[in-house]
*Asks:* 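Okay, handing you the structure first.
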Amino acid sequence: MTDCLKSQKISVSANNLGCFRDQFPIFNEISFSLSAGEALFLRGANGSGKTSLLLVLAGILPYSGKFEIKRFGENQQDIPANQLIHFIGHQNAIKPELTLKQNLQFWAQMYNGDQTSISQILEKARLFGLDNFLAGHLSAGQKHRLSLCRLLLSPRPLWLLDEPTSTLDSQGDTWVSDLISSHLANAGIIIAATHRTIELKDQKKTKSLTMGANK
Amino acid sequence: MNANKMPSTNKPKNWFSALAHPGVFLGWSRHFIRPLIFLTLISFAIGLWFAFFNSPPDYQMGETVRIMYIHVPNAWLAQMVYSIMAISAIGSLVWRHPLADVAMKAAAPLGAAFTAIALFTGALWGRPTWGTYWEWDGRMTSTLVLFLMYLGLVALWNTFSDQSKGARIIAVFTLVGAINIPIIKFSVEWWNALHQPSIISTQGLSMPAEIYTPLLIMTLAFSLLFFTLHLVNMRAEIFRRRANTLERQHVIENAQASAANNGKGENK
Amino acid sequence: MIDLGPHAIFIISSYVGAFLVTAIMIAWVWTNSKNQQARLDDLQRMGIYRRSDKNTPDIAEETK
Amino acid sequence: MRAFLIVIGRDLQLAIKNGGATLTQLIFFISIGVIMPIAIGPDKQILADLAPAIIWIAALLSTLLGLDRLFVADHEDGTLLSLHHASISLTSISAAKIISHWLITALPLILATPLLAVMLFMELPQFLATITALLLGTPALAALGAIGAAISVTLKRGGMVAPILILPLAIPILIFGVSAANSFAGAQTSSSAMLFLGAISLLAVAFAPFAISLALKAAEE
């Protein structure tokens with residue numbers, strides 16, 4: 001899994017990004033660049049455009065300026081940009097009518113990942129032994145953890161996380177920061193919007209961007 | 001040890017007392033299933049023997065009278081099952097008894113099946129007798145409406161994820177729909193169309209005993225079949241609710257337990 | 001078998017149809033009941049009980 | 001291709017788990033077939049003549065009934081957003097959605113048509129022609145309906161808007177569908193109507209996925 005990720009090494013750069021809704025800027029003049037193994041934490045008040053920026057980077061919102069993902073691996077040039085990205089937003093993309101396992105199986109297949117490790121992934125998320133329970137029984141925090149499990153279903157270099165720790169308890173926080181640290185150690189890139197500080201093993205590799213300052 | 005002392009021990013008492021009656025029901029109803037199956041099989045055997053080998057063709061209908069031996073019991077059950085559902089609906093609304101909810105839910109698909117058989121055999125009887133499979137007369141239309149109501153109730157149960165909350169709403173609709181039962185009953189007199197008047201009327205029997213006997217036994221057989229299936233289905237519904245509660249409870253406890261475990265790990 | 005006369009096909013098909021619907025109904029009720037029971041058994045095997053089954057004495061004591 | 005089948009399979013799985021929705025639609029379909037004769041009167045000849053039209057209107061209205069749940073749930077729980085990063089394109093997903101929508105909504109209606117046929121006193125050839133016309137025409141209904149559902153996915157009253165958008169587009173299907181069944185005696189016009197129906201369905205199913213994926217992309221903005 002890690003080898004696979006290393007061969008997908010990328011760097012991203014954004015130059016003067018802006019996003020407008022009805023001529024009104026949600027954010028503009030955002031520039032940053034990240035190389036493999038670096039994280040960017042977006043900070044700022046509610047409504048400062050953190051989520052919108054993530055949606056722009058995820059290729060969902062239209063934008064002005066320039067955003068580029070550079071690929072370094074061999075044979076990786078033909079992977080479409082959308083398949084280099086894991087995006088975990090506020091909505092958890094979980095069907096309450098299906099079991100935890102069925103939910104993850106679907107996303108494993110959608111992400112071209114492997115389904116064999118689902119039980120281990122659930123265990124890591126402290127959802128141990130709940131494979132065949134309905135996702136509808138889960139609490140909000142558990143659902144959020146299940147949603148984050150999608151990150152581990154297939155190796156993708158760029159993670160875009162919107163408030164990854166918002167509904168989690170302190171153990172959940174630790175798990176997420178472990179996830180982020182090991183992804184960075186594997187030369188992945190993370191861009192996350194967060195209110196809370198996420199403690200990482202290697203703080204040098206993180207950058208921070210405060211949004212809404214130029215309004 | 002720790003698990004027993006968890007704060008959630010107070011909650012299940014409530015939940016336990018709510019399920020107390022269904023629990024008692026599960027206890028005694030278990031002993032009824034086998035005898036009921038046995039009685040159902042016996043009465044079907046006797047009824048079918050009468051229906052095919054020990055009853056003469058009717059002087060008017062001829063051999064097609066044999067369709068009546070399934071049609072009439074099922075038409076009767078179609079209405080009786082709905083009446084049972086309506087009574088359960090009252091129980092559910094007035095006393096909020098969980099067993100009444102379960103009885104209501106378990107009966108709906110069975111009622112739909114009996115009504116379907118009544119409609120189907122009625123059509124097949126109508127063709128040789130009246131020359132048409134279907135006629136838009138009062139009784140047939142109202143029975144068809146009954147069939148749709150049954151299906152609607154089944155669909156309604158499926159749309160509620162919280163079954164005990166849904167039960168009250170469904171009970172209201174069941175009672176509103178009960179208006180259809182007297183309509184079916186009196187439709188023959190009111191519309192005075194093709195359909196036969198009731199076989200059993202206040203003036204006494206309107207047909208010979210050779211035809212009446214198999215009819216009665218088949219009615220008994222189908223009613224026993226309904227009671228058996230209803231009992232089994234009610235038990236299954238109680239099991240289903242229990243399993244759901246347990247699953248939900250386990251998921252919550254899992255969260256609490258893993259939080260507790262991790263907390264310990266960190267302290268060390 | 002007795003002679004069912006000119007309308008035999010209607011009689012037979014109504015019996016067959018009724019039998020089919022009844023059989024499907026019975027099969028559905030049966031499998032549903034078995035499935036729910038199996039679910040409870042699975043939970044029990046995982047060590048998940050209803051509290052009233054596991055420690056009835058506890059609850060009896062508490063209610064005193 | 002596997003991912004394509006998995007999207008269909010999951011939709012079917014969800015439809016079975018929420019069995020109420022398909023059943024509701026089915027009851028609605030039969031109900032229209034019950035209401036019409038009560039309104040028109042029990043005259044057999046009139047009912048038999050009107051039967052294909054009644055069945056088509058019932059099919060059209062009840063497929064519209066199921067539209068609101070086609071994309072809304074996936075939009076609200078974030079599934080659509082996450083599918084942007086799937087290894088299968090949104091256009092293929094839309095195509096899969098049309099197929100699952102047809103299997104969940106149109107197929108049960110077609111299977112229930114014999115019931116309406118008996119109640120409306122249809123003759124056998126007329127009935128067979130109606131079934132064939134439904135099989136040929138409903139894919140187009142499903143495709144158009146899915147477009148309407150995708151366009152109205154973010155609207156508050158999407159469930160009301162989609163039918164209004166789609167009804168006018170469905171008129172050609174209705175015309176050919178009814179004429180295919182009605183003029184069965186004059187097989188000439190009937191078979192050409194069937195051809196038109198098939199052609200409309202082919203075109204609609206081929207082009208709808210592109211429109212749907214565009215609409216869904218726009219909806220997320």
Side-chain angles (χ1 to χ4, degrees), chain A residues 19-22 26 51-52 54-63 79-99 102-113 115 134-136 143-144 146-151 153-154 156-160 162, chain D residues 1-24 66 69-97 99-100 104 150 153-154 212-221:
Chain A
C19 179
F20 295 83
R21 178 154 290 174
D22 298 336
I26 302 173
T51 301
S52 301
L54 285 175
L55 288 172
V56 163
L57 301 180
I60 288 160
L61 288 185
Y63 59 93
I79 295 183
N82 73 323
Q83 289 184 42
L84 297 169
I85 298 172
H86 268 312
F87 174 86
I88 306 286
H90 286 297
Q91 302 129 317
N92 47 34
I94 289 169
K95 296 288 176 197
E97 305 93 332
L98 301 181
T99 65
Q102 287 168 332
N103 268 296
L104 287 190
Q105 269 174 340
F106 174 72
W107 287 111
Q109 281 153 334
M110 286 298 112
Y111 292 150
N112 238 344
Q115 302 173 53
L134 291 185
K143 275 185 191 150
H144 188 62
L146 180 61
S147 180
L148 286 167
C149 282
R150 286 187 280 149
L151 293 169
L153 289 172
S154 77
R156 291 185 172 190
L158 178 56
W159 288 6
L160 303 172
D162 198 358
Chain D
M1 190 62 202
R2 258 200 78 195
F4 183 80
L5 293 176
I6 279 155
V7 173
I8 298 176
R10 175 155 115 145
D11 278 354
L12 294 182
Q13 201 176 20
L14 286 169
I16 290 166
K17 301 258 171 177
N18 320 320
T22 303
L23 188 58
T24 316
R69 66 173 199 278
L70 185 54
F71 292 114
V72 168
D74 279 347
H75 172 68
E76 282 175 351
D77 68 13
T79 303
L80 276 182
L81 203 57
S82 290
L83 283 174
H84 278 81
H85 303 111
S87 57
I88 164 178
S89 72
L90 209 52
T91 311
S92 320
I93 291 171
S94 310
K97 282 275 184 187
I99 294 174
S100 61
I104 294 164
V153 69
T154 49
I212 293 168
S213 73
L214 277 177
L216 290 178
K217 271 182 190 151
E220 298 296 347
E221 279 174 13

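We name chains A, B, ... by the order of the sequence lines, and we start the count at 1 in each one. In this text, all values refer to a predicted model and were calculated from it rather than measured experimentally.
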*Asks:* D:A218 versus chain A, heavy atoms under 4.5 Å apart: side chain, backbone, both or neither?
*Replies:* neither
*Asks:* Do you know the tightest heavy-atom contact between A:Q91 and D:H75?
*Replies:* NE2-O, 3.9 Å
*Asks:* Measure D:L83 against the heavy atoms of chain A and call it side chain, backbone, both or neither at under 4.5 Å.
*Replies:* both
*Asks:* Can you say whether A:I94 sits under 4.5 Å from chain D via the side chain, the backbone, both, or neither, judging by heavy atoms?
*Replies:* backbone
*Asks:* How long is the gap from CG on D:D11 to NZ on A:K95, to the nearest 0.5 Å?
*Replies:* 8.0 Å
*Asks:* Distance check, rounded to the nearest 0.5 Å: A:M110 atom CE versus D:I6 atom CD1?
*Replies:* 5.5 Å
*Asks:* If you round to the nearest 0.5 Å, how far is CD of A:Q83 from CD1 of D:I88?
*Replies:* 10.0 Å
*Asks:* Please determine, among A:P96, A:P62, A:G89, the option with the most heavy-atom pairs under 4.5 Å with chain D.
*Replies:* A:P62
*Asks:* Hey, does the side chain of D:S87 reach the backbone of A:Y111 with a donor-acceptor pair shorter than 3.5 angstrom?
*Replies:*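 Such a contact is absent between D:S87 side chain and A:Y111 backbone.
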*Asks:* Side chain from CB out, backbone as N, CA, C, O: work out which of these in A:Q105 comes under 4.5 Å of a heavy atom of chain D, or both, or neither.
*Replies:*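 Contact with chain D: none, neither part.
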*Asks:* Report which part of A:L55 has an atom under 4.5 Å of a heavy atom belonging to chain D: side chain, backbone, both, or neither.
*Replies:*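 Interface part for A:L55: side chain.
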*Asks:* What's the shortest heavy-atom distance between A:R156 and D:H85, and which atoms?
*Replies:*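 Scanning both residues completely, I find the closest heavy atoms to be NH1-O, 2.5 Å.
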*Asks:* When heavy-atom pairs shorter than 4.5 Å are enumerated against chain A, which of D:R10, D:K17, D:H84 gives the highest number?
*Replies:* D:R10
*Asks:* Within the distance-only criterion (no hydrogens, no angle test), does the side chain of A:R150 pair as donor or acceptor with the backbone N or O of D:S82 below 3.5 angstrom?
*Replies:*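 Judged by distance alone, no pair lies under 3.5 Å.
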*Asks:* Considering all heavy atoms of both residues, which atom of A:L98 and which atom of D:L14 are nearest to each other, and what is their separation?
*Replies:* CG-CD2, 3.9 Å
*Asks:* Could you check which of D:T79, D:I93, D:V7 has the highest count of heavy-atom pairs closer than 4.5 Å to chain A?
*Replies:* D:T79
*Asks:* Is A:A58 in contact with chain D via its backbone, its side chain, both, or neither, using a 4.5 Å heavy-atom distance?
*Replies:*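 Both backbone and side chain of A:A58 come within 4.5 Å of chain D.
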